[in-house]
Amino acid sequence: MVEVRLEHVTKIFGKTIAVNDLNLVVRDKEFFVLLGPSGCGKSTTLNIIAGLEKPTSGRVYFDDEDVTFLPPEERNIAMVFQSYALYPTMTAYDNIAFPLKIRRLLRDEIHKRVKEVAEMLHIEHLLDKKPHQMSGGERQRVALARAIVRQPRLFLMDEPLSNIDAKLRITARTELIRLQRKLGVTTIYVTHDQTEAFTMGHRIGVMFNGCLLQVGDPLEIFERPHNTVVAGFVGIPPMNFIEGHIAYDERLGKYYFKWNEIILEVGGDITEKIGGHGKTVIAGIRPQNLQVIKSESYSKIGIAFKAKVYTVERLGTESVITVDIDGELLRAVTPSELTLSPDEDVVVKIVNPQKVIFFNKNTGDLIT
Amino acid sequence: MAQPFPKRKLTDERFAIILLLPLIIALFALNLYPMAYSFWLSLTNTDVSRGISKFIGFINYYNLVFKDPYFWHSLRVSLQFTLEASLLAVALSLTFALILNESFKGRRIIRTIAILPWAFSTYAVASLARYLFARSYGLFSSLYVYLGLSDTPVEVVTSESAIHILALLFAWNYVPLGAFFLLAQLQIIPLDLYNQARIDGASAIRRLKVVTLPFLRRPIAIILLLFTVFSVVETTLIIGFTGGGPGKATQTLTYWAYAKTFMDYEYGYGAAISWFLILIAMALGVLYYYVLNKLKL
């Protein structure tokens with residue numbers, strides 16, 4: 001429908017920089033997710049795209065049209081808010097019909113289109129109800145119907161699933177994905193929930209403190225985060241960071257990352273970039289890449305080190321085990337069948353050493 | 001083992017009664033007793049100047065409605081004043097609230113200034129008005145001369161204009177109350193709704209209609225009720241500004257009750273007029289209640 005391009009967009013409120021020199025291209029028909037903690041500027045970015053806020057500097061383009069100063073009513077976009085923003089005195093039908101009435105469509109045409117979307121979203125039975133008579137999930141559907149009915153060129157969604165209960169959210173998520181793929185309307189979706197971001201987005205943009213830190217497909221963001229901030233924000237539980245140094249083994253002619261008992265081989269090119277022997281570097285290991293093994297059943301295969309169990313959190317089929325190595329706490333995800341108790345001596349194994357990534361200690365940037 | 005029953009314990013109920021006691025006493029002494037006493041007075045022919053006080057039943061009420069040459073005139077003036085003053089006050093309250101809700105430079109200062117009339121006692125408003133509208137030295141009279149509309153000082157307050165000027169003064173005095181009441185309501189309207197309406201393509205007027213006004217219906221009804229009751233019983237302004245004049249042009253029922261009681265010293269008859277007024281106020285209240293319920297506001 002439309003390609004959205006942001007060039008050097010900056011928004012300053014008083015003394016706070018809400019959005020800092022943001023550059024982004026959202027492709028046509030794409031489901032793009034802006035992910036970040038609350039207050040990171042993602043909603044402000046969305047409002048700028050909607051035209052509800054004017055950027056302090058920078059430009060916004062829809063295809064080749066400069067829309068930076070175009071008022072929202074002239075952008076032909078639809079938006080779904082976290083609060084759903086249904087008009088409280090109107091029925092669901094009138095809410096959905098409202099944008100069409102404003103456009104002075106014929107009554108029959110309005111009726112036809114409202115019925116169509118109501119059918120698509122299975123809300124025919126709600127059309128006579130007012131917002132206060134509906135549940136959160138029902139309101140969310142009505143808000144979605146109102147967005148769809150006018151066949152806009154761009155959907156903007158500001159945490160539309162945050163206010164409905166967890167069980168319904170999963171169904172709503174699948175519905176939304178199905179709908180977006182079917183309609184093929186470019187969608188920009190703002191959320192702080194990474195599960196939503198990873199399941200729904202074709203691509204994800206991670207925002208932090210007003211800056212867009214990384215844009216990429218879900219796998220890229222998860223496996224090759226550009227810096228420690230993205231790495232630490234994405235993934236549940238968060239990534240383990242350990243600060244060690246580079247050592248050179250003259251006998252084997254190889255470089256190693258060393259921290260306590262952990263010794264990992266590091267490629268020569270990475271070493272070159274950080275300056276070689278003795279330099280400090282941060283290793284990032286996903287908790288899913290660490291395996292906890294009981295001391296007695298450990299056989300010396302692979303890279304492993306001794307540790308003590310600190311806490312055990314059971315999450316149903318999995319448990320998050322926090323282990324203590326010389327005062328440093330690392331998290332590992334294990335199947336729940338493994339029964340461990342605090343202070344137990346265990347062995348922790350790195351499942352796939354290739355998936356350990358390294359960051360520059362000073363800048364926090366990924367070393368590639 | 002059974003616990004011994006605690007003696008003289010300060011229970012929640014007792015504590016609540018102790019806290020309420022001063023209010024109950026004050027309410028009784030300042031409201032209920034005077035009301036009951038004035039009702040009793042209305043059933044007597046008490047006249048302080050003649051020194052008589054005898055129970056006469058509902059004769060005062062009968063005389064008021066059927067014999068008093070000024071009753072219907074005063075009732076008409078009262079209703080006109082109430083209608084004009086309350087509607088004007090509500091309309092201006094809404095206008096001011098909408099203006100003060102916009103964000104503009106110096107909004108805080110304007111908001112502070114806007115609430116000032118509310119800080120004026122009604123009598124002060126009346127006195128001020130007396131100076132402003134005076135024939136020989138008043139601002140408005142001088143303006144007429146200054147603008148060349150008249151060669152000599154003009155009487156601005158005439159028997160035709162007086163009631164409108166009073167309504168305007170009432171509104172001036174009470175608009176801050178109404179405006180801030182509505183403003184408080186305006187502030188709770190979710191911003192998302194305005195944004196949604198803009199994205200849906202609604203113009204400013206349409207947004208006012210579909211977003212703002214639905215939220216204001218109930219508070220508007222409440223201030224309309226308040227202003228109606230306030231204006232029905234408004235006396236201070238009339239005493240302080242026109243004294244019921246010119247002639248009897250602004251003689252409302254309240255003013256008539258005041259004049260009968262405190263100028264003619266006919267306490268009994270004055271009390272009867274006051275109780276008649278209470279009936280009117282109550283009737284209006286009940287009427288509003290039913291209308292508001294009917295409209296499901």
Side-chain angles (χ1 to χ4, degrees), chain A residues 13 43-44 46-54 70-91 94-105 130-132 139 142-150 152-160 162-163, chain B residues 90 93-94 97-98 101-111 181-225 288 290-297:
Chain A
F13 293 111
S43 289
T44 308
L46 199 70
N47 286 344
I48 288 170
I49 298 170
L52 296 169
E53 301 270 7
K54 301 263 170 289
L70 201 66
E73 48 269 41
E74 287 168 35
R75 295 193 180 197
N76 190 19
I77 53 170
M79 193 157 172
V80 179
F81 293 88
Q82 182 176 359
S83 62
Y84 315 132
L86 296 177
Y87 305 114
T89 50
M90 297 186 199
T91 60
D94 289 331
N95 261 288
I96 299 169
F98 186 70
L100 303 180
K101 279 182 189 160
I102 298 264
R103 275 170 192 71
R104 296 175 192 281
L105 261 65
K130 288 198 172 174
H132 65 91
R139 277 181 227 173
V142 173
L144 201 58
R146 180 175 56 184
I148 291 170
V149 79
R150 46 182 292 199
R153 51 179 175 169
L154 176 66
F155 282 139
L156 301 175
M157 307 201 180
D158 194 353
E159 311 237 4
S162 297
N163 281 2
Chain B
V90 169
S93 297
L94 181 62
L98 289 173
N101 194 42
E102 290 299 312
S103 47
F104 51 85
K105 259 216 166 111
R107 177 166 75 162
R108 288 166 66 104
I109 297 164
I110 300 289
R111 277 189 184 180
F181 194 76
L182 295 179
L183 188 60
Q185 187 70 16
L186 282 173
Q187 310 259 292
I188 69 155
I189 302 178
L191 201 63
D192 278 1
L193 275 178
Y194 286 108
N195 286 338
Q196 178 68 52
R198 291 192 65 187
I199 286 172
D200 283 344
S203 62
I205 292 169
R206 197 78 179 245
R207 292 200 292 273
L208 181 73
K209 210 181 120 202
V210 299
V211 181
T212 313
L213 289 183
F215 276 88
L216 290 184
R217 249 185 255 166
R218 190 178 267 277
I220 284 178
I222 292 170
I223 61 166
L224 182 62
L225 177 61
Y288 276 121
Y290 273 103
V291 171
L292 294 185
N293 263 351
K294 261 264 155 56
L295 294 173
K296 290 216 167 62
L297 291 178

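It should be emphasised that the depicted structure is a prediction, and the values quoted were computed from it without experimental measurement. Below, chain A is the first sequence line, B the second, and so on; all start at residue 1.
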Task: B:F181: which of B:I220, B:L216, B:I223 passes side chain to side chain contact (heavy atoms under 4.5 Å, CB included) - done: B:I223
Open item on the list: Does any backbone or side-chain atom of A:L156 lie under 4.5 Å from a heavy atom of chain B? Answer side chain, backbone, both or neither.
Closed with: neither
Using a 3.5 Å cut-off and no angle test, enumerate the donor-acceptor pairs between side-chain atoms of residues 94-105 of chain A and protein atoms at least two apart in sequence or in another chain.
residue	atom	partner	partner atom	Å
A:D94	OD1	A:K101	NZ	3.3
A:D94	OD2	A:T91	OG1	3.3
A:N95	OD1	A:Y87	N	2.8
A:N95	OD1	A:R146	NH1	3.2
A:N95	ND2	A:Y87	O	3.2
A:N95	ND2	A:M90	O	3.2
A:N95	ND2	A:T91	O	3.2
A:R103	NH1	A:P99	O	2.7
A:R103	NH1	B:D200	O	3.2

Open item on the list: Tell me whether the count of non-hydrogen atoms from other residues, nucleotides or ligands lying under 6.0 Å of NZ in B:K209 goes above 12.
Closed with: no
Open item on the list: Which one wins on heavy-atom pair count under 4.5 Å against chain A: B:V210, B:V211, B:D192?
Closed with: B:D192
- [ ] Examine whether an atom of B:F215 lies under 4.5 Å from a heavy atom of chain A, and if so say whether it belongs to the side chain, the backbone or both; otherwise answer neither.
- [x] side chain
Open item on the list: Could you check whether atom CD1 of B:I188 has more than 12 heavy atoms from other residues, nucleotides or ligands sitting under 6.0 Å from it?
Closed with: yes
Task: Interchain contact, A:A143 with chain B, by part (heavy-atom threshold 4.5 Å) - done: neither
Task: Proximity breakdown for A:T89 and chain B, heavy-atom pairs closer than 4.5 Å - done: side chain
TODO: First locate atom CG of B:L94, then atom CG of B:L208, and finally report the distance between them rounded to the nearest 0.5 Å.
DONE: 7.5 Å
